[in-house]
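Let me begin by presenting the structure, written as structure tokens, before commenting on it.
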Amino acid sequence: MQAPIHGTCDAAFHAVRDAFQNNFIEHGEIGASVYITVNGVTVVDLWGGYSDPQRSHHWQEDQLVNAFSIGKGITAVVAAQCVALGLVSYETRVASVWPEFAVNGKEALTLRDLLGHRAGLPAVRTRLPPNAMFDWKLMTESLATETPWWTPGLEHGYHVNTFGFLVGEVLRRVAGKSVGQLISELIATPLNAEIYLGTPTHLHSRVADYEWPNDPFPEQEPVGLDEEQLLQFNTYYNPSGLSGAGVVNSSPWRLAEMPSTNVHASARAISTLYTSLAHGGRHNNVSLLPQDVLNTASSEVSMGDDRILHRTSRFAHGFQLPIPERGFGPNIESFGHFGAGGSVGFCDPVAKVGFGYVMNQMGPRWQNPRNRALIDSLYSCLQ
């Protein structure tokens, strides 16, 4: 029996509620929340389904769930805040604050290169022990000494799992705090928004369990891989569990800080953050960013063929930017970040939209019918 949909939806946005309901009926949704503001006013606040794949516990209004790469967009905000505070600039050479990084042709790389996925470091070559992603020191030391997979700065490729370690280590060195601490102090606390990187144990009972695909994940590196095959394999599977397979519902995963991959949040919190960005970085008397820094943060750094995804991708300073085949609605000024399986957070400064959608069923990663239905239905109501 289908779990009921809860929450509120402005009458003018009934199409979004219909799309949300239909995601459960036609697209295999287990549990989900969607929260949308327009002009700073909440127009959609819906949740429903179940917080576990066994469908034994109902999804709650304040449900937390792993939002995967939505964390990259949140890390982009923290990086911009550090720029605004004068702790670092986008032109800062990584090696100037992280001397160990100045080897193997990486000496000239900047923070902008890291945020734009231009470092050539989407993977580590040497096989790392299982669960090494929980060891910040090991991961960052391995990346600092790594030889780039392509000439750094000249091409880009989605740093699926290493983006957060690279950017995060720069921010840790200039701010003296981890990305999780910075998120708490500079975003979550002032916005009163439940966004956690390094989710405290006492909150784990409120975190939805994620349904991971049944496909077996490799624990060892296959033999006979050429350089390109090794790059693809290690991007997702070195170390085993790097992307979440086999560990995504565990306490060590929830406690760790992996800014690329394991931010835990509610849809309401994600929308709250992007509502502020939709209003130039200041909303409800809370100032997250000055407009000029936000303008730079959301400006294009990389566009074109992606060495990892093997299709076109487009990035700002940590945010994803819209492309025709994968956008955030019709307005090209929008920016945000998708998460594995379909979650998404974005803002539209033109329509003044703040959007947050999270769920616990791993659907298609590139073209997801669930988030697409929600976004399309929203803009059909705004026409």
Side-chain angles (χ1 to χ4, degrees), residues 5-21 23 32-48 61-62 67 70 73-74 76-77 80-81 84 186-195 265-299 316 319-322 326-339 343-358 370-383:
I5 302 301
H6 301 280
T8 59
C9 182
D10 187 288
F13 294 85
H14 63 88
V16 180
R17 184 184 180 93
D18 292 344
F20 187 68
Q21 178 80 67
N23 281 345
S33 304
V34 60
Y35 197 99
I36 306 170
T37 65
V38 178
N39 293 316
V41 177
T42 301
V43 297
V44 176
D45 178 13
L46 298 173
W47 65 93
E61 176 180 1
D62 58 353
I70 284 180
I74 298 170
V77 177
Q81 290 173 314
L186 300 178
I187 297 176
T189 297
L191 291 179
N192 191 27
E194 288 206 285
I195 301 172
S266 66
R268 177 177 298 157
I270 294 165
S271 176
T272 299
L273 169 58
Y274 279 103
T275 296
S276 176
L277 301 185
H279 290 80
R282 181 179 178 86
H283 182 63
N284 281 347
N285 297 318
V286 176
S287 180
L288 290 186
L289 281 171
Q291 181 74 68
D292 61 333
V293 176
L294 180 57
N295 289 346
T296 301
S298 57
S299 65
F319 298 111
Q320 288 177 325
L321 296 177
R326 197 184 195 219
F328 304 110
N331 295 321
I332 62 172
E333 296 85 355
S334 298
F335 59 92
H337 217 291
F338 290 94
S343 58
V344 62
F346 75 89
C347 72
D348 179 344
V350 175
K352 293 294 187 288
V353 165
F355 190 105
Y357 163 64
V358 295
R370 292 169 295 163
N371 62 38
R372 180 54 49 209
L374 295 171
I375 295 171
D376 288 348
S377 62
L378 164 65
Y379 281 96
S380 74
C381 299
L382 291 174
Q383 292 177 352

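Side chains included, hydrogens not; waters and symmetry mates left out as well; all remaining heavy atoms used.
Among residue pairs with one or both ends in residues 265-279, those qualifying as salt bridge (Lys or Arg N to Asp or Glu O under 4.0 Å) are D45-R268, E61-R268; sequence neighbours excluded. Sorted by first then second residue, the salt bridge (Lys or Arg N to Asp or Glu O under 4.0 Å) pairs that include residues 272-290, not counting sequence neighbours, number zero. Pairs passing the side chain to side chain donor-acceptor pair (under 3.5 Å) check and including a residue from residues 286-299, sequence neighbours excluded, read Q291-N295.
Of all heavy-atom pairs spanning Q21 and I5, the tightest one is OE1-CG1, 3.2 Å. The minimum heavy-atom distance linking C381 with A15 is given by the pair SG-CB, 3.7 Å. In terms of heavy atoms, V353 sits closest to V38 at CG2-CG2, 4.2 Å. Closest non-hydrogen pair, A32 versus F20, comes out as O-CZ, 3.4 Å. Taking all atoms of both residues into account, the shortest heavy-atom contact from C347 to L277 is SG-CB, 3.9 Å. Summarising the geometry of S343 relative to A67, their closest heavy-atom pair is OG-O, 3.4 Å, with the distance given to 0.1 Å.
How far OG1 of T272 is from CG of N192: 8.5 Å, rounded to the nearest 0.5 Å. Note that OG of S276 and CG of L289 are 7.5 Å apart. Values are rounded to the nearest 0.5 Å. Of the inter-residue distances, the one linking S266 atom OG with Y35 atom OH reads 9.5 Å to the nearest 0.5 angstrom. The CG atom of N39 sits 5.5 Å away from atom NE2 of H279, with the distance rounded to the nearest 0.5 Å.
In this view, Y357 satisfies the ring pair (Phe, Tyr, Trp, His ring centres under 6.0 Å) rule with no residue, not counting sequence neighbours. For the side-chain contact (heavy atoms from CB on, under 4.5 Å) test, residues two or more places apart in sequence or in another chain that qualify with H14 are D18. Considering only residues two or more places apart in sequence or on other chains, D62 meets the side chain to side chain donor-acceptor pair (under 3.5 Å) condition with R206. By the side chain to side chain donor-acceptor pair (under 3.5 Å) test, T275 pairs with T37, sequence neighbours left out. Scored by the side-chain contact (heavy atoms from CB on, under 4.5 Å) test, N331 finds E333, S334, D348, V350, A351, Y379 as partners (sequence neighbours excluded). Under the rule for a ring pair (Phe, Tyr, Trp, His ring centres under 6.0 Å), the partners of F328 that lie at least two apart in sequence or sit in another chain are F338, F346. Looking at residues two or more places apart in sequence or on another chain, you find a side chain to side chain donor-acceptor pair (under 3.5 Å) between S33 and W59. A297 pairs by the side-chain contact (heavy atoms from CB on, under 4.5 Å) definition with A80, Y90, F319, not counting sequence neighbours.
Although no hydrogens or angles enter the test, the distance criterion places a donor-acceptor pair under 3.5 Å between the side chain of D10 and the main chain of A12.
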For this session: I would like to know whether F355 and I270 meet side chain to side chain contact (heavy atoms under 4.5 Å, CB included); could you show each step before the answer?
Result: CA-CA 7 Å; F355 190 105; I270 294 165; over 6 Å; no
For this session: List the steps and the verdict of side chain to side chain contact (heavy atoms under 4.5 Å, CB included) for Q81 and I187.
Result: CA-CA 9 Å; Q81 290 173 314; I187 297 176; 3.6 Å; yes
Exercise. Side chain to side chain contact (heavy atoms under 4.5 Å, CB included) between I36 and F13: does it pass, once the steps are laid out?
Worked result: CA-CA 10 Å; I36 306 170; F13 294 85; over 6 Å; no
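Put simply, the side chain of N23 reaches to within 4.5 Å of the side chain of L374, judged on heavy atoms.
When the options L294, V293, L186, L273 are evaluated for a side-chain contact (heavy atoms from CB on, under 4.5 Å) with L288, the one that passes is L273.
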